[in-house]
Colleague: 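A single structure is presented below for examination.
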Amino acid sequence: MKAAGQDVIGFGAGEPDFTTPSLICDAAGAALAGGMTHYVPTPGTPEAREAVAAKLRDENGIDCTADHVCINNGAKFTVFLALQALLNPGDEVVLPTPAWVSYKPMIELAGGVMVEVATDASSSFKMTPQQLDDAITPRTKVLLLNSPSNPCGTMYAPDEVHELVAVLERHPHVTVVSDEIYERLVYGDEPNLSMGSLPSMRDRVVTINGLSKSFAMTGWRIGYACAPADDGALIKAMNKLQSQMTSSITSFTMPAVAAALTDGRSEVERMRNIFAGRATLIHDLVSKWEGVVCPRPTGAFYIFPDISFCFGRISPGGVRIESAMEFAEALLDETGVAVVPGNDFLGPGSRHVRMSFATSEELIIEGCRRMQEWLGKLSTCETAVSG
Ligand code: PLP
């Protein structure tokens, strides 16, 4: 629609609207100009791996070394490698939902079986310790956790992480794959607590992160994993797989990894501050919709309202809305506002839409204004429309 010249406001983006900070671009540029254009070790250069390990030690409190770290083609590939290396056919993976769309296919591609733990807005989409306990069986291999969450925009507070750990301590056969790609983009009173920093979990957590979201580097394709157990045995297995698939990531981005993680903290904080303002703004605007249930975003850059109050109603253009998919299609056609229907995020996702606030305040205000106006014109029966 945009290409056809239509005025579309997009709340769909899963990536920051900022450009990569120049200190990071400069480091890659200098490496390229300096001839760093040859193969480098598959898991990353020693310097880049050490920068990742130092970040995880200093910022996250994870007891690790460079040998416990590998760098991959985006956190998406990191999650894929970890699941391939961990799962045997039939192994169960506990997945709280709504969840990022790639997890289920990745579990299945590795031969695993997804065991869904559905959460809803009433708990800010957080799995309770009891739900976790109930989902674990003798066949459970992995708990796949994503906090802060895409699509929910909420995160487990440190106390809640401790409560989940208390359950996991009773089930030592379960490994946690902790996708912390949004960990620096948090807006509540409490910081992200990395489960892998807790001594009882050090050898049972694979911490996954990357530069895409915090540093506005989605196109660079840089993700990483840290797994200290058995002196990095899982990392070696992931490395074996990666070496037959992609080799290392692009060589001359390695110095940029070190530059970002060592010198880029103030840049992350600058962007986080802007996201924090937008989180408040969009939550205030969405909360005005009569009937909406919408937890305040505390992390990532998404808000995930329950729009089921519209179900059974007719849009101004005459569409009967029965799911998030119909809501999103009618909204786009009739107002030019694009949101992501929650159906593919599993759980109660079909009652929700995901709105990304990785866009300007001006567009957030105008997009929400159009939505509110459209919602105000929904009617309760077809005769109201034709009439
Ligand atoms: N994990 C989650 C929860 C995500 O939302 C995304 C991207 O949307 C990724 C991982 C992938 O990040 P990357 O761009 O580094 O592959």
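Positions are given from 1, in the same order as the sequence printed here. Counting starts at 1 for both ligands and their atoms, in listed order.
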Colleague: Would you list the atom pairs, donor with acceptor, under 3.5 Å between side chains in residues 294-301 and any protein atom, with sequence neighbours excluded?
Modeller:
unit_1: Thr298; atom_1: OG1; unit_2: Met155; atom_2: N; d: 3.4

Colleague: Are the side chains of Pro98 and Thr119 in contact, using a 4.5 Å heavy-atom criterion?
Modeller: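 Yes; the side chains approach each other to less than 4.5 Å.
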
Colleague: Who else is in the cluster with Val293 when I, L, V, M, F, W and Y are joined by side-chain contacts under 4.5 Å?
Modeller: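 Same cluster as Val293: nobody, lone residue.
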
Colleague: What does the contact table look like for ligand 1 (nitrogen or oxygen on each side, cut-off under 3.5 Å)?
Modeller:
unit_1: ligand 1; atom_1: 1 (N); unit_2: Asp179; atom_2: OD2; d: 2.6
unit_1: ligand 1; atom_1: 5 (O); unit_2: Asn150; atom_2: ND2; d: 2.7
unit_1: ligand 1; atom_1: 5 (O); unit_2: Tyr182; atom_2: OH; d: 2.8
unit_1: ligand 1; atom_1: 8 (O); unit_2: Lys213; atom_2: NZ; d: 2.7
unit_1: ligand 1; atom_1: 14 (O); unit_2: Ser212; atom_2: OG; d: 3.0
unit_1: ligand 1; atom_1: 14 (O); unit_2: Arg221; atom_2: NH1; d: 2.8
unit_1: ligand 1; atom_1: 15 (O); unit_2: Ala75; atom_2: N; d: 2.8
unit_1: ligand 1; atom_1: 15 (O); unit_2: Ser212; atom_2: OG; d: 2.7
unit_1: ligand 1; atom_1: 16 (O); unit_2: Ala75; atom_2: N; d: 3.1
unit_1: ligand 1; atom_1: 16 (O); unit_2: Lys76; atom_2: N; d: 2.9
unit_1: ligand 1; atom_1: 16 (O); unit_2: Arg221; atom_2: NH2; d: 2.7

Colleague: To the nearest 0.5 Å, how far apart are CG in Asn209 and CG in Leu261?
Modeller: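 Taking CG in Asn209 and CG in Leu261, the distance rounds to 8.5 Å.
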
Colleague: Report the residues that fulfil salt bridge (Lys or Arg N to Asp or Glu O under 4.0 Å) with Glu183, sequence neighbours left out, ordered by chain and then residue number.
Modeller: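 Lys55.
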
Colleague: Quick check for you: to the nearest 0.5 Å, what is the distance between Thr42 atom OG1 and Leu241 atom CG?
Modeller: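 Thr42 OG1 to Leu241 CG: 11.5 Å, rounded to 0.5 Å.
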
